[in-house]
Amino acid sequence: FIKKSGINSKQVVGIRLVHGIIIVEPSDKDFRSKDILNPDIINQADGIMTSKVGVGLFFNIADCMPVIIYDPTNKAIALLHAGRIGVENNILASAMAKMSLQYGTKPNDVLISSGPSISRDSYIFDTNEGVNMAFWGQYFSLNNDNKYRMDIKGMVLGQALSLGIQQSNIAISKLDTYTNTSYYSHRRSMATDEPEGRFATLVFMRP
């Protein structure tokens, strides 16, 4: 997969997702192993960023949002795992703050995009128990079937706009991992007993 993407696999760094908001920047030592999926050498984090051209940022994911930040002015990128916990702790704001400090990134300059993830109509809850209703507000709503829906995509869009990122620079994928069988879905696997799986997200700046 990495070779087909046109990048040297030895220049790819992966992270092991832990549902937090830690964002790491790979150093030279992170490229010493050929096995990017070995947990012993992967940073345990939920975001990874770099300003190095040709360095690939990588993780495996299902249902949660893979969010990409690109700063064309300062030539920097970040890849974020925006799951429910990460969104509640505003991992996007954490990444923007870290990129601002490290690279001089400004909200008005960045481009934001996301890969496929679970959509509101598929992210269903029987109750609101354990949900931070004050935080989610309109993005966690009760439907006519007496079940709740959580709109992570809508919340991330709202968070991006609140940071000063231009709406014209934001592209949120409409693909729903739960209903689109071209993608793995943890929630669908739980509902149908189909085998679990993950798909990969890879981002890098070309020379």
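Since the structure is predicted, the reported quantities are computational estimates derived from the model, not experimental observations. As a basis for the values below, the full set of heavy atoms in this structure was taken, side chains included, without hydrogen atoms, waters or symmetry mates.
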With side-chain hydrogen bond (donor to acceptor under 3.5 Å, both in side chains) as the rule and sequence neighbours excluded, what pairs involving residues 152-161 come up?
Ser119-Lys153
Going by the rule ring-ring contact (aromatic ring centres under 6.0 Å, His included), which residues pair with Tyr183 if we only count those two or more places apart in sequence or in a different chain?
Phe199
Under the side chain to side chain donor-acceptor pair (under 3.5 Å) test, which residues partner Asn143, sequence neighbours left out?
Arg120
Scan residues 79-100 for pairs that pass ring-ring contact (aromatic ring centres under 6.0 Å, His included), counting only residues two or more places apart or in two chains.
His19-His81
Consider side-chain contact (heavy atoms from CB on, under 4.5 Å). Of Leu92, Leu111, Ile165, which one does Ile69 pass it with?
Leu92
Run the side chain to side chain contact (heavy atoms under 4.5 Å, CB included) test against Leu202 and tell me which residues pass, sequence neighbours left out.
Phe1, Ile2, Ser5, Ile7, Val12, Phe58, Phe204
In short, Ile91 meets Ile23 closest at the heavy-atom pair O-CD1, 3.9 Å
So, using side chain to side chain contact (heavy atoms under 4.5 Å, CB included) as the criterion, who are the partners of Met133 when residues are at least two apart?
Asn128, Val131, Phe140
Donor on one side chain, acceptor on other, Asn108 and Gln166, under 3.5 Å
yes
Selection residues 197-207 - residue pairs positive for side-chain hydrogen bond (donor to acceptor under 3.5 Å, both in side chains), sequence neighbours left out
Glu196-Arg198
Ignoring hydrogens and geometry, is there a side-chain-to-backbone donor-acceptor pair from Ser100 to Met96 under 3.5 Å?
no
Just jot down the salt bridge (Lys or Arg N to Asp or Glu O under 4.0 Å) partners of Lys147, sequence neighbours excluded, or say none.
Asp126
Can you name the side chain to side chain donor-acceptor pair (under 3.5 Å) partners of Tyr103, sequence neighbours left out?
Glu25
Can you name the side chain to side chain contact (heavy atoms under 4.5 Å, CB included) partners of Asp193, sequence neighbours left out?
none
Check side chain to side chain contact (heavy atoms under 4.5 Å, CB included) between Asp71 and all other residues, then give those that pass, not counting sequence neighbours.
Thr73, Asn74, Ala76, Met99, Thr105, Asp109, Val110
ring-ring contact (aromatic ring centres under 6.0 Å, His included) partners for Tyr123, two or more places apart
Phe125
